Number of protein chains: 2
Amino acid sequence: MIDILIVEDNKEIGTLLCDFLKEDGYTVFLAVSGEEALEYVNKHTIRLVVLDIMLPGIDGFTVCRKIREENNTPIIIVSAKVEKEDKMNGLVLGADDYIEKPYDIDILLAKIRGIFKRRYESDMMVDGNLKIDKIRRIACFKDSELTLTSKEFELLLLLVENKGKALKKDWIFNKVWGFDSFSEQQTLTVHIQWLRQKIEEDPKNPLRIKTVWGVGYRFE
Amino acid sequence: MIDILIVEDNKEIGTLLCDFLKEDGYTVFLAVSGEEALEYVNKHTIRLVVLDIMLPGIDGFTVCRKIREENNTPIIIVSAKVEKEDKMNGLVLGADDYIEKPYDIDILLAKIRGIFKRRYESDMMVDGNLKIDKIRRIACFKDSELTLTSKEFELLLLLVENKGKALKKDWIFNKVWGFDSFSEQQTLTVHIQWLRQKIEEDPKNPLRIKTVWGVGYRFE
DNA sequence: CCGTTCTGTTATGAATTGATTATATCAGGT
DNA sequence: ACCTGATATAATCAATTCATAACAGAACGG
């Protein structure tokens, strides 16, 4: 399954966009023409299309319509500055959203994230080889699913959400366990240990979950 | 610590916005007037302000200015459609970003996420070849990481934060160790010594951690 | 009801830290 | 030049902190 199909004839822009999306954890395919896009749509399952209107050959409007005939994959239209607003209005009915060139990549990413959240009930967090889906409570490491227990998942999520920060042990403990316990120190330590077994190549020399002596841990 | 302070007199909109932000994991406080906002800012540590310009009583411009007088907390201005653009330009200088009503919540969230990412992912202190990241608890000297112990890190941080000042030994000791001890003199001296080994080219002739005879040390 | 998984606890050993001590060196006054 | 008190340095050692394995109770699902 491909998450996002980008349809964009300018290869430079397309590749750049690809890179950004991959960095955010999506799997992406880039089509450089309407024909290629339609062919790809027929053969693969796609969760979202980012569609540039200005295309050589079949234009974007037609591509949008044809995709809609097949299924209701969400579509985000990318267009140059709109001249005739009514034309756009007609288009927007077919698409889920649109954005004008030149656009801020953060804003496009926000729109995409919003659609995924609403449509697919998933809210991904990506950090290198590690993907965490908060809503589905699933974590993947190098594209294979980790079997984490509840506590392990919460602990990992907390660490990743505070990536780079040195976190105090008792702070972590209060966040994950939500209360004070007597031998919290050791309990946390043990859980960290178990997490390391699952996400570190060499748990003896952890690269991701670093220990900060006398303080706690830092994820990087 | 509160992540985001929302200043919005329309309680319905404010509450809605609150909910969205909380869903995204922020801790939020809602102020319904400029007075309340300013009072709250003075009493709490806040990381970002979302400020509506149209307020009863003190207007948003004034709130923005007053907050800026206190500290440099990032501010996002929310305004109705701008009539006089020059007025807005003047305002934007004080704020980090602005957005017009009615706005797409995803876009506001993207702006917020962007600011948090840029502003808070680390908190560096730079002094020549020396970089100290308080949050990550990492110090670098000439672009290579120093392996400092907890006490060494705190000691170095204290020295750099008070760069140029001659610091009394017992003052330093109380700050780092937090209490009085019997042979504090020597303990501190030894730690200073260890630090010098790590950040001075020639620990015998220290250029950074100078000793101030009969008083203590001065960092420069 | 039983087996499995999860979670907290404890024990042990290893690694690190940091206080202490002892000795050497230095600055400044006489 | 000498003395005194302050600081530097090296080495030692005890306390702290962390990693790891093993165990037992709790929660869970069939």
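Since the model is a prediction, treat every value here as computed from it, not as a measurement. We name chains A, B, ... by the order of the sequence lines, and we start the count at 1 in each one.
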Seminar exercise, completed: When rounded to whole Å, the CD to P distance for the pair Q185(B) and dT20(C) reads 13 Å
Problem set entry | Side-chain N or O of T187(B) closer than 4.0 Å to phosphate OP1/OP2 of dT20(C) | yes
For this session: Please report the C-alpha distance between E220(A) and R208(A) in whole Å, then the side-chain angles of each, then the deciding distance to 0.1 Å, and finally whether the salt bridge (charged side-chain N to carboxylate O under 4.0 Å, His left out) criterion is met.
Result: CA-CA 5 Å; E220(A) 32 196 4; R208(A) 279 165 254 270; over 6 Å; no
For this session: Taking only the side-chain nitrogens and oxygens of K169(B), find out if one of them lies under 4.0 Å from OP1 or OP2 of dA6(D).
Result: no
Seminar exercise, completed: Of P203(B) and G216(A), the one whose nearest nucleotide on DNA chain D sits closer to the 5' end is P203(B)
For this session: Indicate whether OP1 or OP2 belonging to dG8(C) is found under 4.0 Å from a side-chain N or O atom of H191(A).
Result: yes
Problem set entry | Point-to-point distance, once rounded to the nearest 0.5 Å, from NZ of K175(B) to CG of L159(B) | 12.5 Å
For this session: Can you establish whether the number of heavy atoms outside N42(A) located under 6.0 Å from its atom CG is more than 12?
Result: yes
Below 3.5 Å between N/O atoms, which protein atoms pair up with nucleotides 22-24 of chain C? Just atom names and distances, please.
unit_1	atom_1	unit_2	atom_2	d
dA22(C)	N6	Q186(B)	NE2	3.2

Exercise. Can a side chain N or O of T149(B) be found less than 4.0 Å away from OP1 or OP2 on dG18(C)?
Worked result: yes
Exercise. Does the ring of W177(B) carry K151(B) above it, NZ/CZ under 6.0 angstrom from centre and within 45° of its axis?
Worked result: yes
Exercise. dT20(D) phosphate, OP1 or OP2: any side-chain N/O from K204(A) under 4.0 angstrom?
Worked result: yes
Exercise. Mind checking what makes side-chain hydrogen bond (donor to acceptor under 3.5 Å, both in side chains) contact with K22(B), not counting sequence neighbours?
Worked result: none
Exercise. Hey, does the side chain of T189(A) come within less than 4.0 Å of dC18(D)'s phosphate (OP1/OP2), counting only N and O?
Worked result: no
Exercise. Passes side-chain hydrogen bond (donor to acceptor under 3.5 Å, both in side chains), K169(B) versus T189(B)? Steps please.
Worked result: CA-CA 9 Å; K169(B) 283 182 141 191; T189(B) 310; 3.3 Å; yes
Seminar exercise, completed: Students should find that the end-to-end axis angle of the helix from dC1(C)-dG30(D) to dT30(C)-dA1(D), with five pairs defining each axis and rounding to 10 degrees, is 30°
Problem set entry | Gap separating the CG atom of L156(A) from the NZ atom of K198(A), nearest 0.5 angstrom | 10.5 Å
Exercise. Does a salt bridge link E201(B) with R196(B), judged by any charged N lying under 4.0 Å from a carboxylate O?
Worked result: no
For this session: State whether the number of non-hydrogen atoms from other residues, nucleotides or ligands found under 6.0 Å of F20(B) atom CZ is greater than 12.
Result: no
